[in-house]
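Worksheet: the structure to be examined is printed underneath.
Heads up: numbering here begins at 1 and tracks the sequence.
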Amino acid sequence: MKNIIRELRTNHDWSQANLADQLQVSRQTINAIETGKYDPSLPLAFAIAKLFKLPLEKIFQVE
């Protein structure tokens, strides 16, 4: 699954660690999601969408 989390994070001038803290996950989880090595759980995907105030389909796209 493709996503635009890195772009959204950098637009907010947040580090991976800062985003991870806000979502209560590890920095490694954020890195894995950004690089496409890990797809977030549904609750985490909703938390990401809520944090960035965007619908899920704007953040995540099926390849």
Spatial distance of atom CG (L54) from atom CD1 (I48) [nearest 0.5 Å]: 11.5 Å

Summary of salt bridge (Lys or Arg N to Asp or Glu O under 4.0 Å) pairs that have at least one residue in residues 46-63, sequence neighbours excluded: none

All side chain to side chain donor-acceptor pair (under 3.5 Å) counterparts of S26, not counting sequence neighbours: T29

Sequence-distant partners of R6, salt bridge (charged side-chain N to carboxylate O under 4.0 Å, His left out), two or more places apart: E34

Validation row: I33, V25 side chains within 4.5 angstrom (heavy atoms): no

Non-neighbouring partners of A47 that pass side chain to side chain contact (heavy atoms under 4.5 Å, CB included), sequence neighbours left out: L23

Residue list, side chain to side chain contact (heavy atoms under 4.5 Å, CB included) with N31, at least two apart or on another chain: Q16, R27, T35

All side chain to side chain contact (heavy atoms under 4.5 Å, CB included) counterparts of N18, not counting sequence neighbours: W14, S15, Q22

Straight-line distance of L19 CG to R9 CZ, nearest 0.5 Å: 7.0 Å

Heavy-atom side-chain proximity of N3 to L8 below 4.5 angstrom: no

Separation of D39 CG from F60 CZ (nearest 0.5 Å): 8.5 Å

CG/N11: more than 12 non-hydrogen atoms of other groups inside 6.0 Å: yes

Nearest non-hydrogen partners of I59 and A49, listed with the distance: CD1-CA, 3.5 Å

Separation between CG of L51 and CG of L44, rounded to the nearest 0.5 Å: 10.5 Å

